[in-house]
Amino acid sequence: MYTYRLEESGKVVTKTCDATFAVEMTEPLAPAVKGAVIGVALNHKDLVATLADQFEEKPYFTAPKTPVLHIKTDNTHIGHGQTIKVPIDKGAVYAGPALGIVIGKTATRVTEEQALDFVKGYTVVNEVSLAETSFYRPAVKAKCRDTFCPIGPWVVDKSLITNPNNLSIKTYVNDELVHTTGTDRLVHSVEKIISYISSFMTLEEGDLIIAGTPLRDASLEIKGGDIVMIDVEAVGRLANPVEQE
């Protein structure tokens, strides 16, 4: 089953269908979820490898042992087909291809073995960001600008995903494949992320966890006039135009 959200008569409504071709996509969709959105930084092996030398410097001296979290506030959330607005005077802006984990019921202090029982399904996320200077403390100004978190186009039921830790993720800019990665590159698994966050923060139905994004290199830079599309295997394709503010 696929769950999606769209605006009808001035209100956002939730609909379900059994096949992606049945989703009403003639107009931009609303963000596929409406709960809190929590990002996991430093959760991609390639990214961590590039920062190995920095981890040995002050004030930390070692790589973090547990997931590093940040929030994508409500103002960042947009849906499939809605416009990402990038500033003209803040430097490079990067796409952030990622799997989104959608919580299906209240989760408090769940074990890794239990974690997937609390998942409703999965979606596609583009965790857009300015260049980051501190991965230990992700900057609000880099992460939480308006429109910097497209989510969608739908939530696919977890029963349709055999293994969320082994999905390919592809990024296209203007129909050109520019980046390929996968959830097999996550440092902390989907189960571990859910268990860790729920150990101190109750997760509610509709909340979303962004599993992790890769190194933001030049291949993921987006600019006004582009169309960026994130494809997560077996989940879907999330496409958004990009416009300069």
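Values below: every heavy atom of this structure, side chains too, minus hydrogens, waters and symmetry copies.
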Q: Of all heavy-atom pairs between Cys144 and Thr73, which one has the smallest distance, and what is that distance?
A: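 Shortest heavy-atom separation between Cys144 and Thr73 comes out as CB-OG1, 3.6 Å.
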Q: If you look at every heavy atom in Val124 and Leu238, which pair is closest and at what distance?
A: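 It is O-CD2, 3.6 Å.
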Q: Is there a side-chain contact (heavy atoms from CB on, under 4.5 Å) between Val173 and Ile227 once you walk through the steps?
A: CA-CA 6 Å; Val173 176; Ile227 296 177; over 6 Å; no
Q: Where the side chain of Asn126 meets the backbone of Cys149, is there a donor-acceptor pair that is under 3.5 Å apart?
A: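 No; zero donor-acceptor contacts below 3.5 Å.
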Q: I'd like to know if Val40 and Val119 are part of one continuous hydrophobic network [Ile/Leu/Val/Met/Phe/Trp/Tyr, side-chain heavy atoms within less than 4.5 Å].
A: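 Yes, because Val119 and Val40 connect within a single hydrophobic cluster, where side-chain heavy atoms sit under 4.5 Å apart.
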Q: For residues 76-100, which residue pairs pass the ring pair (Phe, Tyr, Trp, His ring centres under 6.0 Å) check, not counting sequence neighbours?
A: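 Listed once each, the pairs would be none.
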Q: Under the rule for ring pair (Phe, Tyr, Trp, His ring centres under 6.0 Å), what residues qualify as partners of Phe200, not counting sequence neighbours?
A: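 Here the qualifying residues are Tyr196.
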Q: Between Thr181 and His44, is there a side-chain donor-acceptor contact under 3.5 Å, judged purely by atom types and distance?
A: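 Yes - a donor-acceptor pair under 3.5 Å links their side chains.
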Q: Would you find a donor on one side and an acceptor on the other, under 3.5 Å apart, between the side chain of Ser198 and the backbone of Ile194?
A: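 Yes; judged by distance alone, with no hydrogens or angles, the pair exists.
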Q: Quick one: do Phe148 and Ile78 end up in the same hydrophobic cluster if we chain Ile, Leu, Val, Met, Phe, Trp and Tyr together by side-chain heavy atoms under 4.5 Å apart?
A: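 Phe148 and Ile78: one cluster.
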Q: Tell me every residue that passes ring pair (Phe, Tyr, Trp, His ring centres under 6.0 Å) with Phe118, counting only those two or more places apart in sequence or in another chain.
A: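 Ring pair (Phe, Tyr, Trp, His ring centres under 6.0 Å) check on Phe118 returns nothing, list empty.
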Q: Where is the tightest heavy-atom contact between Gly206 and Val33, given as atom of each residue plus distance?
A: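 Between these two residues, the closest heavy atoms are O-CB, 3.6 Å.
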Q: Are the side chain of Asn240 and the backbone N or O of Thr83 linked by a donor-acceptor pair below 3.5 Å?
A: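 Flag not set: sc Asn240 to bb Thr83 has no pair under 3.5 Å.
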Q: Provide the closest heavy-atom pair for Ala30 versus Val12 in the form atom of the first, atom of the second, distance.
A: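 Nearest pair, atom of Ala30 first, then Val12: CB-CG1, 3.9 Å.
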Q: Could you tell me whether a side-chain N or O of Lys85 sits under 3.5 Å from a main-chain N or O of Glu245, the two making a donor and an acceptor?
A: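 No, Lys85 side chain to Glu245 backbone: no donor-acceptor pair under 3.5 Å.
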Q: Decide yes or no on side-chain contact (heavy atoms from CB on, under 4.5 Å) for Val228 and Thr171, but give the supporting numbers first.
A: CA-CA 7 Å; Val228 57; Thr171 302; 4.2 Å; yes
Q: Can you see which heavy atom on Ala131 is nearest to which on Ala142, and at what distance?
A: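 So the minimum-distance heavy-atom pair works out to O-CB, 4.2 Å.
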Q: Report the distance from atom CD1 of Ile222 to atom CD1 of Ile84, rounding to the nearest 0.5 Å.
A: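 So the CD1 of Ile222 and the CD1 of Ile84 are separated by 4.5 Å.
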Q: Considering all heavy atoms of both residues, which atom of Pro153 and which atom of Leu29 are nearest to each other, and what is their separation?
A: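 Nearest heavy atoms, Pro153 then Leu29: O-CD1, 3.4 Å.
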Q: Could you please spell out the steps behind the side-chain hydrogen bond (donor to acceptor under 3.5 Å, both in side chains) verdict for Glu233 and Asn166?
A: CA-CA 9 Å; Glu233 178 186 0; Asn166 190 28; over 6 Å; no
Q: Could you measure the distance from the CE atom of Met201 to the CG atom of Leu69? Nearest 0.5 Å is fine.
A: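 Answer rounded to 0.5 Å: 8.5 Å.
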Q: Looking at side-chain heavy atoms only, is the closest gap between Val125 and Thr123 below 4.5 Å?
A: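 Of all side-chain heavy-atom pairs linking Thr123 with Val125, at least one is under 4.5 Å.
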Q: Could you tell me the separation between the CD1 atom of Ile88 and the NZ atom of Lys223, rounded to the nearest 0.5 Å?
A: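 Here the rounded value is 14.0 Å.
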Q: Short question: side chain of Lys120, backbone of Val156 - any donor-acceptor pair under 3.5 Å?
A: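 No, because the side chain of Lys120 does not come within donor-acceptor range (under 3.5 Å) of the backbone of Val156.
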Q: About how many Å separate CG of Leu203 and CD1 of Ile209, when rounded to the nearest 0.5 Å?
A: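 It comes to 5.0 Å.
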Q: Does Met1 offer a backbone N or O that forms a donor-acceptor pair with the side chain of Asp18 under 3.5 Å?
A: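 Judged by distance alone, no pair lies under 3.5 Å.
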Q: Does Thr213 use its side chain to pair, donor to acceptor, with the backbone of Pro97 at less than 3.5 Å?
A: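 Not at all, since once roles are kept as given, no pair shorter than 3.5 Å links the two residues.
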Q: From Ile197 CD1 over to Thr202 OG1, what is the distance, rounded to the nearest 0.5 angstrom?
A: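 Between atom CD1 of Ile197 and atom OG1 of Thr202 there are 12.0 Å.
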Q: Give a yes or no on whether the ring-centroid distance for Trp154 and Tyr2 is below 6.0 angstrom.
A: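 Between Tyr2 and Trp154, which both carry aromatic rings, the centre distance is below 6.0 Å.
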Q: Okay, side chain of Gln114, backbone of Thr111: is any donor-acceptor separation there less than 3.5 Å?
A: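 Side chain of Gln114 to backbone of Thr111: a pair is present.
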Q: Judged by atom type as modelled, is there a donor-acceptor pair below 3.5 Å linking the side chain of Glu221 to the main-chain atoms of Ala218?
A: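 Not confirmed, Glu221 side chain does not pair with Ala218 backbone.
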Q: Which is it for Arg185 and Asp46 under the salt bridge (charged side-chain N to carboxylate O under 4.0 Å, His left out) test, yes or no, and what are the steps along the way?
A: CA-CA 7 Å; Arg185 303 301 298 158; Asp46 299 342; 2.6 Å; yes
Q: Please list, chain by chain and in numerical order, all residues satisfying salt bridge (charged side-chain N to carboxylate O under 4.0 Å, His left out) with Glu24, sequence neighbours excluded.
A: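 Expected list: Lys15.
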Q: Run the salt bridge (charged side-chain N to carboxylate O under 4.0 Å, His left out) test on Glu205 and Lys34 for me, step by step, so that the C-alpha distance in whole Å, both residues' side-chain angles and the decisive distance to 0.1 Å come before the verdict.
A: CA-CA 9 Å; Glu205 180 180 359; Lys34 58 180 179 179; over 6 Å; no
Q: For Asp207, which residues count as a salt bridge (charged side-chain N to carboxylate O under 4.0 Å, His left out) partner, sequence neighbours excluded?
A: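 Result, salt bridge (charged side-chain N to carboxylate O under 4.0 Å, His left out) vs Asp207: none returned.
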Q: Is there a donor-acceptor contact under 3.5 Å linking the side chains of Glu204 and Thr106?
A: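 Yes, side-chain donor-acceptor contact under 3.5 Å.
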Q: Please determine which of Lys141, Arg145, Lys143 meets the side-chain contact (heavy atoms from CB on, under 4.5 Å) test together with Leu130.
A: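 So, applying the side-chain contact (heavy atoms from CB on, under 4.5 Å) to Leu130 and each of Lys141, Arg145, Lys143, only Arg145 qualifies.
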Q: Look at the side-chain heavy atoms of Ile, Leu, Val, Met, Phe, Trp and Tyr, link any pair under 4.5 Å apart, and say whether Val23 and Val232 land in one connected group.
A: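 Yes, Val23 and Val232 fall within the same hydrophobic cluster.
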Q: Under the side-chain contact (heavy atoms from CB on, under 4.5 Å) rule, what do Ile169 and Asp231 come out as? Steps first, then yes or no, please.
A: CA-CA 6 Å; Ile169 303 175; Asp231 181 310; over 6 Å; no
Q: Rounded to the nearest 0.5 Å, what separates atom CG in Leu116 from atom CG in Asn163?
A: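 So the CG of Leu116 and the CG of Asn163 are separated by 9.0 Å.
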Q: Under the salt bridge (charged side-chain N to carboxylate O under 4.0 Å, His left out) test, which residues partner Arg5, sequence neighbours left out?
A: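 For Arg5, no residue satisfies salt bridge (charged side-chain N to carboxylate O under 4.0 Å, His left out) once neighbours in sequence are set aside.
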Q: Given the rule in the side-chain contact (heavy atoms from CB on, under 4.5 Å) test, do Val190 and Leu99 qualify, once you have shown the distances and angles that lead to the verdict?
A: CA-CA 10 Å; Val190 168; Leu99 174 70; 4.3 Å; yes
Q: Could you verify whether a donor N or O on one side chain and an acceptor N or O on the other, from Thr3 and Thr16, lie under 3.5 Å apart?
A: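 Not at all, the side chains of Thr3 and Thr16 share no donor-acceptor pair under 3.5 Å.
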